[in-house]
Every structure is written in C-alpha cells, then in structure tokens.
Colleague: 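First the structure, which I've put down as structure tokens, then a few questions once you've had a look.
All values below were derived from every heavy atom in this structure, side-chain atoms included, with hydrogens, water molecules and symmetry-related copies excluded. The structure presented is a predicted model; accordingly, all values stated were derived computationally and were not measured. Every chain is numbered from 1, with letters handed out A, B, ... down the list of sequences.
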There are 2 protein chains.
Amino acid sequence: MSRKTEQTRVRILQATLDQLASGSPEKTRVSDIAKAAGISRQALYLHFPTRAELLIAATKYLDAQVDIDASLAESRAAATGEDRLSAFIRAWAGHIPVIHPVGRALMAMQDSDPEARAAWADRMAAVRHGCAAAVAALARDGRLRADLTEERATDLLWTLLSVRVWEHLTRDCGWSQAAYLAEITRASRAALLAPAAS
Amino acid sequence: MSRKTEQTRVRILQATLDQLASGSPEKTRVSDIAKAAGISRQALYLHFPTRAELLIAATKYLDAQVDIDASLAESRAAATGEDRLSAFIRAWAGHIPVIHPVGRALMAMQDSDPEARAAWADRMAAVRHGCAAAVAALARDGRLRADLTEERATDLLWTLLSVRVWEHLTRDCGWSQAAYLAEITRASRAALLAPAAS
DNA sequence: CGTCAACTTGACACCATGTCAAATTATCGG
DNA sequence: CCGATAATTTGACATGGTGTCAAGTTGACG
C-alpha cells in the first residue's frame with residue numbers, strides 16, 4: 001500500500017527531473033512526465049494535484065539528494081570574510097547548473113501559479129540569506145566598501161548570483177561554467193570590497 | 001480605406017501598450033487588448049495575425065515614439081571612455097522602465113514563440129552593441145581592466161545592464177530607479193575599469 | 001477467495017489562441 | 001447620393017494543455 005505508493009511517487013519525481021533536464025523545462029508536459037514514469041497521466045494526478053505541486057515536490061526531492069548544506073560547510077568555516085565570500089560563491093555557482101532545469105520550469109510558472117512563485121521565492125530567499133552572511137563577515141573584517149550598507153551589499157551580491165545572471169552569461173553569452181565562476185567572483189569582489197584588496 | 005485601417009492599427013497598438021502597462025503583461029489576453037481598443041477580438045486578428053506579432057509591432061510602435069537614438073546622442077558625444085560608459089548606462093537605464101511592460105510580455109513568450117524570441121534577442125543585441133562601443137572607448141583610453149578582453153567586458157556590462165537585473169533590483173529588492181542607476185553605474189565601473197579610477 | 005488500494009481508459013470541462021463564414025456597417029469614388 | 005468594397009461584427013469551431021470524474025481492471029495481502 002504505502003510502500004508501493006512511495007515507490008511510484010519517487011519514480012514520478014525522478015522522471016520529472018529527467019524530463020526537465022532533457023528538453024526545454026517549460027515545454028515539458030504532465031503527460032510527458034507520466035509517460036517517462038511509465039504510468040498514465042491520470043495516475044500522476046493521483047499523486048500530485050497540479051503541475052505546480054509536482055514541480056515543487058521535484059525541487060524538494062532534488063534538494064534531499066544533493067545536500068546543499070554540505071557544500072556550504074566550507075563557506076561557513078572560512079576564517080576571513082573574503083574567503084567566506086569566495087567559498088560561498090563557489091558553492092552556489094556549482095549548484096546553479098544542478099537546480100537550473102527545475103528552477104527554469106518553476107520560474108516559467110511564476111506568473112500563472114502563486115504557489116510556484118512562492119516556492120521559488122523561498123529558495124531564492126535562502127540564497128539571499130547566504131549572501132547576507134557573507135556580507136556580514138566582510139563587514140566584520142572591515143572589508144566592505146564604506147559607501148554600502150550591508151543590506152544594499154546583500155542585494156547586490158544576491159543579484160550578481162541570481163539564476164538569471166547565470167543564464168545570461170552561460171547561455172546568451174556562451175561562457176563556460178569556469179569562466180562564469182571566475183568572472184562573477186571577480187565582479188562580486190569588485191562590487192563589494194573596499195579598495196586595496198589582496 | 002488605408003486611412004481608417006491605419007487609425008485602427010494605431011488604436012490597437014496604443015491599447016496594447018496601455019494594457020501591458022496596467023496589469024501583468026504576461027497575463028494580458030488578446031481579448032483584453034481588443035476590448036481596450038474598442039473593437040472585437042476577431043477584428044484585431046484582421047490587423048495582426050498572432051499575439052506575438054502584435055507584441056512585436058507594439059514594441060516597434062513604442063520605439064518610434066520614444067526615439068532611443070536621441071537619448072544615446074550624449075553617450076556617443078562623450079569625450080572620454082569613462083564618460084561614455086556613464087552616459088550610456090544613464091540613457092539605457094532610463095529606457096528600461098519604458099520598454100519593460102512590453103519587454104516582459106515578449107520575454108514571457110520566448111519559450112513558446114520563436115518570432116517573439118528573435119524580436120527580443122534583436123533588441124538586446126542592439127543594447128549589446130552599445131555596450132561594446134562603450135567598452136571600446138574605455139579600451140582606447142587604456143582604462144579597461146588589463147585581464148579582460150573587450151568581448152568579455154562587453155558580456156559583463158551587457159549582463160549588468162540586462163532587464164532581468166533591473167527587475168531583480170527594482171522589483172525583488174525594492175530599489176528605487178535612482179538607487180538602481182547609482183549602484184549599477186558603480187558596479188559597472190568596478191567590474192570594467194582598471195584600478196586607480198577617478 | 002474476497003477486499004481494498006493503485007492504476008487504467010475514456011470522456012469531459014475550461015481557457016486562451018487562432019480560423020472561418022456569413023451578415024452588417026462604414027467609407028470612398030464617381 | 002449611390003453603389004462597390006473595405007472594415008468590422010457575430011457566432012461557431014479547432015487545437016492543445018491542464019485538471020476532473022466515473023467506471024472498470026489489476027494485484028497484493030489477510
């Protein structure tokens with residue numbers, strides 16, 4: 001009963017991630033996912049009430065698999081604010097490609113589905129929280145640009161690290177992930193750090 | 001004959017811009033626009049074959065009204081590269097709010113309509129061209145950061161000035177237009193200019 | 001072997017876009 | 001001012017995806 005239900009649920013979630021990753025996420029239909037999971041479209045609706053909730057569940061499922069907190073451990077352990085900033089950027093930048101397919105699908109639904117909007121906003125708020133921590137560490141070291149409040153610096157970093165910026169640089173500009181990481185790290189330092197950096 | 005057709009056409013385009021500006025652009029339906037223009041939905045299709053082409057035509061109509069080239073004149077006339085960069089940013093930043101409603105509608109169609117995608121890409125390519133000119137002026141003055149190629153610098157500036165970044169800062173972060181302009185100018189200078197700036 | 005849950009099949013409502021045909025109303029040239 | 005014709009209206013319909021509903025089928029487990 002519950003055993004089988006859970007199996008099917010996981011199979012659906014995995015199929016969702018697979019389908020989103022291969023092909024345009026925003027054009028992936030519920031029927032495509034059901035087919036990939038080997039069940040009927042209606043059966044999928046027995047597990048997830050709407051497309052939006054399926055996507056949200058898939059996001060959480062992915063979270064559970066990748067364990068972003070572990071990647072952020074290095075950032076939190078950094079001795080200096082500058083190290084913390086770099087480590088945070090490195091960790092988050094490495095995660096963007098992983099969450100991008102489902103993120104793109106979620107972003108595409110933002111205008112039509114309030115739940116999807118809230119779910120995505122929530123995840124991004126978590127990223128902002130990480131940005132704020134890095135900025136606070138910088139401020140503690142006295143390395144933050146004097147004319148920036150912590151809040152404004154956080155907004156700036158959050159924007160620089162947004163998925164849209166990653167998309168623009170890697171997709172529209174054709175940058176490699178390595179180039180993205182190097183340049184966005186540099187740009188973030190340039191934007192936030194007081195002059196006379198290392 | 002052609003007189004009336006033209007009148008109606010303009011009325012539709014104006015109604016389109018009005019509707020997009022008031023209310024979520026991506027949720028604006030063809031029937032909403034037709035109603036605002038005072039004609040039937042089917043009559044609208046007599047003038048514009050698809051929603052995408054209507055939006056594209058509205059973009060061109062808006063262009064014709066605002067004359068972006070005039071705003072860029074100051075930028076082109078700048079004596080130094082740094083002045084040119086600042087003037088370009090100021091001009092473009094001032095235009096983003098104007099084109100944003102229709103731009104947002106166009107961006108929302110990118111995944112479903114290749115024509116809309118191409119039209120928006122085209123406009124953004126024009127912005128990139130402006131970025132490239134500013135970067136070239138900077139390079140000519142020897143003010144470009146040594147470790148950046150002109151191409152990469154252009155990509156960076158183009159990204160910083162993207163509509164998505166403007167949306168993020170003004171909508172998600174709640175920044176005023178003035179704050180956006182000031183901070184994005186600063187960030188662009190920090191990202192592109194060689195140290196020891198004015 | 002019977003029961004209950006999971007699943008299937010097939011039909012349908014909804015909503016926005018886009019198409020079509022027939023009827024009606026403006027508009028313009030003569 | 002009238003007749004041709006262009007512009008518009010009304011109403012019906014196709015398409016494609018989401019979400020719902022009902023009735024029938026399969027399969028596991030006590």
Colleague: When you check the phosphate oxygens OP1 and OP2 of C:dA6, does a side-chain N or O of A:Thr8 lie under 4.0 Å from one of them?
Modeller: no
Colleague: Working to the nearest 0.5 Å, report the span between CZ of B:Arg11 and NE2 of B:His47.
Modeller: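 Answer for the CZ-NE2 pair, B:Arg11 versus B:His47, is 8.5 Å.
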Colleague: Below 4.0 angstrom, which residues in residues 109-118 of chain B have at least one non-hydrogen atom near DNA chain C?
Modeller: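 When residues 109-118 of chain B is checked for heavy atoms under 4.0 Å from DNA chain C, there are no hits whatsoever.
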Colleague: In whole Å, what is the span from the CD atom of B:Glu6 to the C1' atom of D:dA6?
Modeller: 15 Å
Colleague: Starting at atom CZ of B:Arg9, determine the distance to atom P of D:dA7, rounded to an integer number of angstrom.
Modeller: 13 Å
Colleague: Going by atom types only, do B:His95 and B:Ser71 share a side-chain donor-acceptor pair under 3.5 Å?
Modeller: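 A pair is found: one side chain offers a donor N or O, the other an acceptor, under 3.5 Å apart.
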Colleague: Counting only non-hydrogen atoms, which of residues 12-37 of chain A are less than 4.0 Å from DNA chain C?
Modeller: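 By residue number: none to list.
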Colleague: Determine, using the 4.5 Å side-chain heavy-atom cutoff (strictly less than), whether B:Val135 and B:Leu160 are members of one ILVMFWY cluster.
Modeller: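 Not linked; separate clusters.
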Colleague: Test salt bridge (Lys or Arg N to Asp or Glu O under 4.0 Å) on B:Arg152 and B:Asp155; report intermediate values, then the result.
Modeller: CA-CA 5 Å; B:Arg152 201 167 263 202; B:Asp155 285 341; over 6 Å; no
Colleague: What do the steps show when you test A:Arg145 against B:Glu183 for salt bridge (Lys or Arg N to Asp or Glu O under 4.0 Å), and what is the final call?
Modeller: CA-CA 12 Å; A:Arg145 239 177 56 204; B:Glu183 219 58 72; 3.2 Å; yes
Colleague: For residues 42-59 of chain A, which residues have at least one heavy atom under 4.0 Å from DNA chain D?
Modeller: A:Gln42, A:Tyr45, A:Pro49, A:Thr50, A:Arg51
Colleague: Not counting sequence neighbours, which residues clear side chain to side chain donor-acceptor pair (under 3.5 Å) with B:Arg140? List them please.
Modeller: none
Colleague: Would you mind reading off the distance between A:Arg41 atom CZ and C:dG10 atom P, rounded to a whole angstrom?
Modeller: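 Whole-Å distance recorded here is 13 Å.
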Colleague: Starting from P on C:dA5, measure out to CD on A:Gln7 and report it in whole angstrom.
Modeller: 18 Å
Colleague: Report yes or no: is the cationic atom of B:Arg171 (NZ for Lys, CZ for Arg) closer than 6.0 Å to the six-membered ring centre of B:Trp166, at no more than 45° off its axis?
Modeller: no
Colleague: Under the rule for ring-ring contact (aromatic ring centres under 6.0 Å, His included), what residues qualify as partners of B:Trp158, not counting sequence neighbours?
Modeller: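 If we apply the ring-ring contact (aromatic ring centres under 6.0 Å, His included) test to B:Trp158, skipping adjacent residues, the hits are A:His168.
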Colleague: Using OP1 and OP2 only, check whether a side-chain N or O of B:Ser40 sits under 4.0 Å from D:dT8.
Modeller: no
Colleague: List, by chain and number, the other hydrophobic cluster members for B:Leu46, where Ile, Leu, Val, Met, Phe, Trp and Tyr join if side-chain heavy atoms come within less than 4.5 Å, directly or indirectly.
Modeller: none
Colleague: Would you call B:Leu17 and B:Leu13 a side-chain contact if the rule is heavy atoms closer than 4.5 Å?
Modeller: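 Result no, sub-4.5 Å side-chain heavy-atom pair not found.
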Colleague: Within the 4.5 Å heavy-atom criterion, are B:Val163 and B:Trp120 side-chain neighbours or not?
Modeller: yes
